[in-house]
Amino acid sequence: MGPVSTEKAKPEKLQHDSPQPTDEDAGVIFYNETVIEHFTNPRNVGEIEDADGFALVGDPSCGDQMKLWIKVEAGHIVDIKFKSFGCPGAIATSSMTTHLAMGMYLEDARALTDDDVVRALGGIPANKQHCSLLGINALLFAIKDYEQRSKNQP
Amino acid sequence: MGPVSTEKAKPEKLQHDSPQPTDEDAGVIFYNETVIEHFTNPRNVGEIEDADGFALVGDPSCGDQMKLWIKVEAGHIVDIKFKSFGCPGAIATSSMTTHLAMGMYLEDARALTDDDVVRALGGIPANKQHCSLLGINALLFAIKDYEQRSKNQP
Amino acid sequence: MKARELIYFDHNATTPLCTEARQAMLPFLDTAFGNPSSYHRLGRQARSDVEAGRRTIADIFGCRPTEVLFTSGGTEANNLALRGAASAMKDRGCHIITTAIEHHSVLKTCEALGRKGFNITFLPVDSKGVVDPQLVADAIRPDTILLSVMHANNETGAVQPVEEIGRIARQRGITFHSDAIQAFGKIAMGTVLDYADMVSVSAHKVYGPRGVGALLVRRGTSLSPIMTGGHHEHGLRPGTENMAAIAGFAAAAGQAVEKLAAEAARLAVLRDRFEEMLLQTIPNISINSCDAPRTPNTSSICFSGIESESVLLHLDLLGICASAGSACTTGDPEPSHVLRAMGLSSLQAQGAVRFSFGSTTTPEQIDSAAETLAGIVKKLRGVSSLCQN
Amino acid sequence: MKARELIYFDHNATTPLCTEARQAMLPFLDTAFGNPSSYHRLGRQARSDVEAGRRTIADIFGCRPTEVLFTSGGTEANNLALRGAASAMKDRGCHIITTAIEHHSVLKTCEALGRKGFNITFLPVDSKGVVDPQLVADAIRPDTILLSVMHANNETGAVQPVEEIGRIARQRGITFHSDAIQAFGKIAMGTVLDYADMVSVSAHKVYGPRGVGALLVRRGTSLSPIMTGGHHEHGLRPGTENMAAIAGFAAAAGQAVEKLAAEAARLAVLRDRFEEMLLQTIPNISINSCDAPRTPNTSSICFSGIESESVLLHLDLLGICASAGSACTTGDPEPSHVLRAMGLSSLQAQGAVRFSFGSTTTPEQIDSAAETLAGIVKKLRGVSSLCQN
Ligand SMILES: Cc1ncc(COP(=O)(O)O)c(C=O)c1O
Ligand SMILES: Cc1ncc(COP(=O)(O)O)c(C=O)c1O
């Protein structure tokens, strides 16, 4: 088998897109193409050895966990990497969070919300909304960690 | 439409015959061909104006009623006629009762039982067994009526 | 006489599947077999097919998809409505009102609830087989929680004043259920949840498949499930969804509504013609509920002096399918509780035969059956101890 | 990579209709549409078709036709068994014993009975997912009326010692119900009513249609109906019979039994091959219930460090259908109650995926899926915060 990522969502496009999620579909999960794309090809996966900020959020026994590393230069996030355990929603929102934050001024990054992530993904199933907090929380805590460290090493 | 009786059970033979009545079929009524034949062509229908014995049995508001007339000569039933209100089982057993009794010695006729009628019909659905009593009771009461009258007019 | 086609005058018992329903079902007997609860594409497709069916039914009744619960049929819909609402509201009161002419799935369920401690009032009907809304209003007590009145009766076709009754129920804050199983597809029903809180329908009475029905449940109605398991049907009816049946139901219901006006008019003409022919050729008959508003396809006729099963067997031997009382009481020697409630004597009720017409019915069948029937009645009356001749 | 055929490894959720079942159903979508309760020939034919289906099912299980009750599916069979028996025997006692690994249609029903005043004991299972009969014996109290233990688990395939448990129940005079929905068609079951009083089966798990199942009820078992209406199914399950579904069920059940030995052997080989391939190519996996007697078609596998939905979505995108836990808990974030009962941590249980093989499964599918899966697991572990690399 070739690497999974080369297959992407191509043949399934319609399957995941056509039935509009409605109230009564709540029991079944329909992700849109963007979510699936970020899930199958998550951006910025990995670790940063000499990170300037780090966060560990979530509880794997409750369904998801995320580790986030940032590298900061001149008030910018110049590198960002993550690793996530969780459902496709957790992985896709993790990926999108890092994608949005990459290159941002810290203050702009801090202003990012879960809504921004969901919007950038073009929406996410109702019962996966909570996932979007994972990335945002990790980002905030990593920035906090960076600021803490900066304070301690002036 | 021609008279109903000319059609008889011909095209339906299999319908009524093939599924053997079983316990769990109790809810649905399957009559055999002989029963249907007696129902569609009942023997000895009518009244006897100068009957020697007569009986009226059953209660129409409970589902069936039968009138039975007999003519007796030299201890024989030389004529017998009936009229019945009721289900196919009631009509067929009425018919078969008269058919069996016709020409019989009174003592033989008195010995006829509902089982004899059912047997002569080749069986009757379980929930129609009670019907067979209608004819037999009418016959017994008609014979009784004849004997009563004979006693009174010696 | 040559063998003739079967004349099926028992459409109130069940109907043949219409082409549209059959077509809609076939894919689900084939590749579209997924479980709507499964995660994968077959599951998602199944889910969206179920929800498409639900939207169709919702559109037909002018309600929301979330107000449509699929059940295994009309009987289950009625049981869910009555048992489920009684159980959900038992702390608010224990009085339930229904009528004496309901289908057994309502009547026996109310009796069962009666044995569980609920008080049941069975309202009488007039000689036309119709419930008086005033009696409903008068029967309401402070502890009344639930009212169930059918929309159209299965034996006589008599249409009940459910809108008026529903208004009374809503005014008095009482949950109103209506068994519309015989009304749907036969008379225009409008947006039923405007006056009723729960409405039962069944697919196989409208040329849809066996094994599926729906309970329409107005938002906010108190209802507990009567079965437990998975989260299907908003947690109110568990069990893997029957997609083939749901798709067939949706297709059939769509057809039924589309053709309703034309078909109702056509059947009313045939029904009237049938009844006129019988009245002209057979003495001593009476047509039940003939002065009531009736579904256009139902003719319930009492033939005095003879017994209905004997009529049915003669008819059957001649290829004509009809019923005595409702189909589900076959083998039950009790005369129809509906006709008895209308004041008919046990004897009269025993002579009742129901002819219910439908999509397969033609004018030729009407004429032929009426003629045949005249011969049968004459013959049976000739045998009957109750008739002079 | 070229588009490939769908690989359906979710046969425990539902199965495609077999040709025999489809063929058996078609006449009932056509001319054989009568209502079995109707008097006329179409009704009688329908009745005899229903009873033929009943005899087939009875023959398969070595019981009497009167011991077969058709229901709308497995969920209803389980509800009827538990609610019906509890209600029929409530004067004799209020204690019910079941296990922690039952399907939701048993588990939630027992919980509902618990809210109605019954005491429920949920027996634990060992790490293999099997109930110890000794625990059953020990749990029995003087007021125990009912015991329900499934024959084979839907998630792990673990087969329970139902014969031994049944003997204990019979000795102690306790009604024993067994949910055999996942056992039927997969393992030889013998004459089940010899040791169980009630057994549930469902058609759509054995290549039969949706919307029908059966509860086998041994003569003399106390059981009340949970729905009321007509006299159908010996007065224990009202509603117009679903002939198409019953005929399809009978045909499918016949097939399932006929092919059982060969198919079970074939699937066991494929299942073992699948598991060996995974064990060889993927580190840190464990096979649930692998040391228990299992149905031959079920592989429940925990992939440590990754979450099952992510595995399922990757699989789905590549055309492979599988499940996490049981299908009917999709959308439910709770990790499998079955795996938790076996002592797996919540984290371990979250990594479980169920592959259930069946008639459509080929060796090529097994190889291809195992290979694909190795790639997916590697990829997800590469992303996982719980994995080092
Ligand atoms: C008025 C009415 N209610 C309920 C039912 C029961 O419906 P089903 O056969 O779908 O269970 C019927 C038909 O038998 C009916 O005519
Ligand atoms: C063990 C078990 N019991 C009960 C059920 C419910 O059966 P049905 O889907 O026919 O309602 C299932 C399947 O979902 C099952 O696997």
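Each chain gets a letter, A, B and so on, in the order the sequences are listed, and its residues count up from 1.
In terms of modelled atom types and a separation under 3.5 Å, the side chain of C:Asp316 and the main chain of D:Arg41 share a donor-acceptor contact. Side chain of C:Asn35 to backbone of D:Thr14: no donor-acceptor contact under 3.5 angstrom is found. Without hydrogens or angle criteria, C:Arg210 side chain to D:Ala244 main chain gives no donor-acceptor distance under 3.5 Å.
Note: D:Glu76 CD to C:Glu76 CD = 6.0 Å, rounded to the nearest 0.5 Å. In this structure, CZ on C:Arg115 lies 9.5 Å from OG on D:Ser224, to the nearest 0.5 angstrom. The distance from atom CG of D:Leu17 to atom OG1 of C:Thr31, rounded to the nearest 0.5 Å, is 11.5 Å. Rounded to the nearest 0.5 Å, atoms NE2 (D:His204) and CE (C:Met243) are 10.5 Å apart. Put simply, CG on C:Leu29 and CE on D:Met25 are 5.0 Å apart, with the number rounded to the nearest 0.5 Å.
Donor-acceptor pairing under 3.5 Å is lacking for the side chains of D:Arg237 and C:Thr75.
For D:Ala32, no part sits under 4.5 Å from any heavy atom of chain C, backbone or side chain. Neither the backbone nor the side chain of D:Pro209 comes within less than 4.5 Å of any heavy atom of chain C. Residue D:Ser202: no heavy atom, backbone or side chain, is found under 4.5 Å from chain C. Proximity to chain D (any heavy atom under 4.5 Å) is shown, for C:Thr71, by neither the backbone nor the side chain.
Of all heavy-atom pairs spanning D:Asn79 and C:Ile226, the tightest one is OD1-O, 4.4 Å.
Top candidate by heavy-atom pairs under 4.5 Å with chain C, chosen from D:Ala322, D:Ala21, D:Ala245, is D:Ala322. Ranked by heavy-atom pairs under 4.5 Å with chain D, the list C:Gly34, C:Ala46, C:Cys110, C:Ala112 is led by C:Gly34. Of the listed residues (C:Ser72, C:Pro16, C:Ser105), the one with the most heavy-atom contacts under 4.5 Å to chain D is C:Pro16. Note on D:Glu241, D:Met227, D:Lys108: by heavy-atom pairs under 4.5 Å with chain C, the leading option is D:Met227.
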Given side-chain contact (heavy atoms from CB on, under 4.5 Å), test D:Leu313 with C:Tyr39 step by step and report yes or no.
-> CA-CA 8 Å; D:Leu313 181 52; C:Tyr39 187 81; 3.7 Å; yes
Evaluate the ring-ring contact (aromatic ring centres under 6.0 Å, His included) criterion for residues C:Tyr8 and D:His40: first the C-alpha distance (whole Å), next the side-chain angles of each, then the deciding distance (0.1 Å), finally the verdict.
-> CA-CA 9 Å; C:Tyr8 186 74; D:His40 46 73; 5.7 Å; yes
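Contact check for D:Arg83 versus C:Thr228: side-chain heavy atoms found under the 4.5 Å cut-off.
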